[in-house]
Amino acid sequence: MRKVAVVGIGHSKFGRRTDVNVNELAFEAIKGALLDSGLTQKDIEFVSVGSYGMWYEEMLPAVTVTEYAKLYPAGLARCEAACATGSAAFRFAYVTVASGEADVAMAVGVEKMTEIDTPTAVEIIGRSGSYLWEFEKFGLTFPGYYAMHATAHMNEFGTKEEHLAMVAVKNHKYGAMNPYAHFQKEITLEEALKSFVVAWPLKLYDCCPLSDGAAAVILASEERAKEITDTPVWILGMGLASDSASLSKRSGYTGLRATVLAAEKAYKQAGVAPKNIDVAVVHDCFTIAEILAYEDLGFCKKGEGGRLIEEGQTYIGGKIPVNVDGGLKAKGHPLGATGCSMVAEITRQLRGEAGKRQASIKEGKGLAHNVGGTGHYCYTTILGR
Amino acid sequence: MTKAPPPPTLKSARTLTLTYEIPISKTNKFWEGLKENKIFTTRCKKCGELYFPPSGDCPSCLSAEMDWVEISGEAELETFTQIFVRPATFTKYEPYIVAIGRLKEGVRTLAWLTGIKREDMRVGMKIKLVGKVGPEGTPTYEFVPL
């Protein structure tokens, strides 16, 4: 495999985007990435589009998005990995360049989740596990899946609802500093704790919103990257893993095994340890998921995730700043866009372009952790300057 | 200050309704058993692995020779939640409790837990999986406190 670098990033404003359709929304990110890299559509040899779909009118977003952006006749694929769909698109573009098949490729992640009513959106996501055995009769929702992780973690390690709320407070603080974020306001611990119950013990402020948004990343081979930019951000390692569709077939609920396995592979490939990571974005679709990620990625020991946030160690200036772009919680989680948005954020941090939410970059390494479903898929990527 | 009007949208006139007919020939004995409050599942004739939910194939040894066995339904509560924000097709129900129980036979299952308030539940309590005909007139199964 050849060395591959991120040479361009683009990002739309996340939120309730009733002003644009899916193609127009994706184009905001594609245009941003082209301008950031100084490349044109003619330079892009392969495009992968990550989108979950169903909540907007187009059935084949890869073809409509690339038509609108004039990216054809490049090689094209659409990817799906539930909430890690953007990372699957990134992966496809990455291996296409790493294999030598293309010198420059683009991954586009886009989702338009607010064109349908909320109960139907909740239904579509809820169906995305083991439909026959966990949804048809029991109507399990995604907040419900993670709530069961929370119940188990609280029972085993004494994690409190306050710990979950602390994650929301931190991510809203950074979301308020991120012009692309869905929510740009800080919240208090009391507000988070008093919000209504979505799936006990998870409350409104424990849950990411339904968002519209797009992000795009341009990848290039070592030779091309050096011609394109003075600030390439290299892919040092990428680990993938999966787990059962049914939650009842897991070995336990206090962590995500797919994260542990994907992280092990990524750290090994990159030749680094958790302590070498300067800044991380992790999959906080629910606040409990961020606490599980602290532990499963090795930022603290199993069971100590609650303490890590309580001590403020995941704020800028702490042991390991996490989700200083607002995370899925405040930045928003347009499913297909999230994986590409994560890579864009780590790239921005490693380039030193994150403004007032810039983490201190000492070792020049950042980590992006994207989970699909409740640990059904996991993609962990380590990037470096 | 007047609020800006919302951006114009085109409301699609083409509404799609999807109803799936799911094949259950490999697990039919399970669905039929539920109507008589019996919990049947499958065990591989070749390697002995027990499956729940029932499976017509054994991916462990690749055999398709399965025995139907009846299980007790006795279980221990491993984790649970109560769903307040419900999906479109479940809004007619009151907030419901979903639980995962580890059956005495070693396999786990996920189902509603009824007949108890959430406040009275604790991880580790004894529960039992029972078969029944659900409110929609189709066979289903749920946990009840033991």
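Hydrogens, waters and symmetry mates play no part in the numbers below; they use all other heavy atoms, side chains included. Below, chains carry the letters A, B, ... as their sequence lines are ordered, and counting in each starts from 1.
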Which portion of [X] sits near chain B, non-hydrogen atoms under 4.5 angstrom:
X: Glu134(A); value: both
X: Leu132(A); value: side chain
X: Asp19(A); value: both
X: Arg127(A); value: side chain

Please state whether the side chain, the backbone, both or neither of [X] comes within less than 4.5 Å of a heavy atom of chain A.
X: Arg122(B); result: neither
X: Ile22(B); result: side chain
X: Pro54(B); result: both
X: Phe80(B); result: both

Should we count [atom1] of [X] as having more than 12 external heavy atoms under 6.0 Å?
X: Glu94(B); atom1: CD; result: no
X: Lys117(B); atom1: NZ; result: no
X: Lys13(A); atom1: NZ; result: yes

May I ask you to decide if [Y]'s main-chain N or O and [X]'s side chain share a donor-acceptor pair within less than 3.5 Å?
X: Tyr96(B); Y: Gly139(A); answer: yes
X: Thr18(A); Y: Pro7(B); answer: no
X: Glu123(A); Y: Ala88(B); answer: yes

Original post:
Which heavy atom of Arg108(B) sits nearest a heavy atom of Ser251(A), and at what distance?
Top reply: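 Minimum heavy-atom contact is NH2-O, 3.7 Å.
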Subject >> Which of Ile97(B), Ile24(B), Thr140(B) touches chain A most, by non-hydrogen pairs under 4.5 Å >> reply: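 Of Ile97(B), Ile24(B), Thr140(B), Thr140(B) has the most heavy-atom pairs under 4.5 Å with chain A.
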**OP:** Pick whichever of Thr9(B), Thr89(B), Val98(B) has the most heavy-atom pairs under 4.5 Å with chain A.
**Re:**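 Option with the top pair count is Thr89(B).
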Original post:
Under 4.5 Å between any side-chain heavy atoms of Lys137(A) and Thr138(B), yes or no?
Top reply: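 Result yes, sub-4.5 Å side-chain heavy-atom pair found.
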Original post:
Could you give the distance from CH2 (Trp200(A)) to CZ (Arg118(B)), rounded to the nearest 0.5 Å?
Top reply: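 One gets 5.5 Å once the value is rounded to the nearest 0.5 Å.
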Original post:
Just how far is it from atom NE2 of His149(A) to atom OG1 of Thr81(B), taken to the nearest 0.5 Å?
Top reply: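 One gets 11.5 Å once the value is rounded to the nearest 0.5 Å.
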Original post:
If you count heavy-atom pairs under 4.5 Å with chain B, which of Pro201(A), Ala147(A), Gly144(A) comes out on top?
Top reply: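 Option with the top pair count is Gly144(A).
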**OP:** Using a cut-off of under 4.5 Å on heavy-atom pairs, state which of Leu202(A), Val20(A), Thr151(A) scores highest against chain B.
**Re:**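 Result: the option with the highest number of such pairs is Thr151(A).
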Proximity of [X] and [Y] rings by center, below 6.0 Å:
X: Phe90(B); Y: Phe135(A); answer: yes
X: Phe138(A); Y: Tyr141(B); answer: yes
X: Trp133(A); Y: Tyr51(B); answer: no

Subject >> Stepwise side-chain contact (heavy atoms from CB on, under 4.5 Å) check, Thr141(A) with Val85(B) >> reply: CA-CA 8 Å; Thr141(A) 61; Val85(B) 175; over 6 Å; no
Subject >> Sole candidate of Leu140(A), Val198(A), Val197(A) that passes side chain to side chain contact (heavy atoms under 4.5 Å, CB included) when paired with Ile83(B) >> reply: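 Exactly one option meets the side chain to side chain contact (heavy atoms under 4.5 Å, CB included) with Ile83(B), and it is Leu140(A).
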